[in-house]
Chemist: 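Quick one: structure below, then a few questions.
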Amino acid sequence: MRDYHIAVIPGDGIGQEVTPEGVRVLDAVGELTSAYKMRYEYFPWGCEYYLKTGRMMAEDGLKILRDFDAIYFGAVGFPSVPDHISLRGLRLPICQGFEQYVCQRPSFLLPGIKSPLADKKPGDIDFVVIRENTEGEYAGAGGRAHRGLPIEVAVETSVFTRVGVERVIRYAYQLARTRRKKLVNATKSNAQQHSLTFWDEIFVEVGKEFPDVQTERVLIDALAARFVLRPESLDVVVASNLFGDILTDLGGAICGSLGVAASGNINPEREYPSMFEPVHGSAPDIFGKGIANPIAMIWCGAMMLEWLGEKPAADLILRAIQAVTAEGKALTPDLGGTAKTRDVTDAIIAQARRIAARV
Ligand code: IPM
Ligand code: MG
């Protein structure tokens, strides 16, 4: 029985509602498989913490998190705190400080879930977006001057480094190699003549190491259209930080709901802990109602297990999620159902038990 030390940061809004559900599934599957036991440590960081302390996380937060095996993260952001403060005070320092330069976001149409795209069946949508996660448009370089004057100016400069671009693109090629061997480079080098031509050149350079991977260079606007018109043509997509951000909301939406979109902020070298968090964010509009969809958070748990080397346990969770959506009884309102957050988790755990008993 392996033992993992997990830092849990429920964060804000529905992060607080879905995180305990994910933990319940991790524990249940640990017992069912007798493969691992989780030791959790909880951190109350987020907007409420900020209103009390003036900080989004403890001052030595990164030092505290450094030695955990992984971080299980709910969501950050609430109307009580400006978004740029909450993001730059918690999630970004962790992603950037821990070199989690890969943000891996699967889009997979679950059985029983209706895509807003006509006539899509499970299996028609099955791709992964690899989003650069430490620099690019989120680098934070820039400033504002002459505030309030007619000559007021704001500058936000994207930062692309050779190391930063190369490493995320290499990861995407490696991932494509384990899948259907097709990689799309999301770019806009026609307009971004310095940064993204650089990005494109590196895409071609790194590609020489992967002659078996079929590549395409697609402009981001055309790619957005293709997500809607021909998602079945996609396998792995590599994108800059902001492009990847936008594409993955779209990826979640075409799979029926952002409530099923999982994400991993990964440090591939394993020098630092990686962090698993759903794409959906804190959803203040439905917070407190008990109707948040826990599937994305539970799926993040599966991604975390896979990252920790617990593939059979991760597969069990994914199969249980699929059994529940295929059955279509325990679905939250975002998926057209009437179930509560807890009902969905209960159903997933029951299915995991059933599947585990069969093998
Ligand atoms: C995401 C989110 C964040 C981002 C927000 C909360 C700042 O949209 O994880 O996709 O833009 O990275
Ligand atoms: Mg986003």
Side-chain angles (χ1 to χ4, degrees), residues 9-19 22 45-50 56-57 71-107 127-142 156 158-160 164 168 186 220 223-224 227 237-267 274-287 292-293 295-297 299-301 303-304 334:
I9 308 176
D12 300 317
I14 63 165
Q16 297 173 4
E17 296 176 337
V18 294
T19 304
W45 300 336
C47 291
E48 282 169 39
Y49 186 87
Y50 177 84
M56 287 295 296
M57 68 195 289
I71 305 166
Y72 197 46
F73 189 100
V76 63
F78 215 66
S80 50
V81 177
D83 282 341
H84 65 279
I85 292 183
S86 53
L87 170 70
R88 295 205 175 268
L90 185 58
R91 187 175 160 278
L92 275 197
I94 298 175
C95 291
Q96 295 181 346
F98 285 168
E99 298 265 44
Q100 293 165 351
Y101 61 84
V102 168
C103 181
Q104 180 156 341
R105 297 186 158 178
S107 279
F127 60 83
V128 180
V129 174
I130 298 300
R131 167 185 179 188
E132 200 293 318
N133 214 27
T134 51
E135 53 174 38
E137 308 85 346
Y138 282 57
E156 182 116 18
S158 300
V159 176
F160 288 88
V168 74
I220 188 69
L223 185 56
F227 266 47
V237 175
V238 65
S240 69
N241 211 332
L242 182 61
F243 288 173
D245 173 47
I246 298 166
L247 285 177
T248 51
D249 265 36
L250 186 53
I254 61 175
C255 291
S257 167
L258 272 185
V260 300
S263 159
N265 301 296
I266 293 170
N267 170 243
S274 293
M275 175 163 77
F276 299 84
E277 71 165 314
V279 176
H280 54 60
S282 62
D285 53 327
I286 58 162
F287 175 51
N293 191 341
I295 289 181
M297 192 72 199
W299 193 323
C300 286
M303 285 180 80
M304 180 168 80
D334 56 303

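Just so you know, ligand 1 is whichever comes first in the structure, and atom 1 is the first atom listed for that ligand.
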Chemist: Taking all non-hydrogen atoms of both residues into account, name the closest pair between Tyr72 and Gly22 and its distance.
Modeler: OH-CA, 3.2 Å
Chemist: Please say which of Leu247, Val128, Thr248, Ile130 ends up in a side chain to side chain contact (heavy atoms under 4.5 Å, CB included) with Val237.
Modeler: Leu247
Chemist: Return the minimal non-hydrogen interatomic distance between Cys95 and Met275, and the atom names on each side.
Modeler: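 Of all heavy-atom pairs spanning Cys95 and Met275, the closest is SG-CE, 4.0 Å.
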Chemist: Name all pairs fulfilling the salt bridge (Lys or Arg N to Asp or Glu O under 4.0 Å) condition that reach into residues 243-256, sequence neighbours left out, sorted by first residue then second.
Modeler: Arg131-Asp245
Chemist: Any N/O/S atom, backbone or side chain, of Asp245 lying under 2.8 Å from the Mg ion (ligand 2)?
Modeler: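 Yes, since at least one N, O or S atom of Asp245 sits under 2.8 Å from the Mg ion (ligand 2).
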Chemist: Any heavy-atom pair between the side chains of Leu90 and Phe73 that's under 4.5 Å?
Modeler: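 They are in contact (side-chain heavy atoms under 4.5 Å apart), so the answer is yes.
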Chemist: At less than 3.5 Å, what protein N or O atoms come close to the N or O atoms of ligand 1? Include the distances to 0.1 Å.
Modeler:
unit_1	atom_1	unit_2	atom_2	d
ligand 1	8 (O)	Asp245	OD1	3.2
ligand 1	9 (O)	Arg91	NH2	3.4
ligand 1	9 (O)	Arg105	NH2	2.8
ligand 1	10 (O)	Arg105	NH1	3.0
ligand 1	10 (O)	Arg105	NH2	3.2
ligand 1	10 (O)	Arg131	NH1	3.3
ligand 1	10 (O)	Asp245	OD1	2.8
ligand 1	11 (O)	Tyr138	OH	2.6
ligand 1	11 (O)	Asp245	OD1	3.4
ligand 1	12 (O)	Arg91	NH1	3.3
ligand 1	12 (O)	Arg131	NH1	3.3
ligand 1	12 (O)	Arg131	NH2	2.8

Chemist: Hey, which of Ile94, Ile266, Thr134 is the one that makes side chain to side chain contact (heavy atoms under 4.5 Å, CB included) with Gln100?
Modeler: Ile94
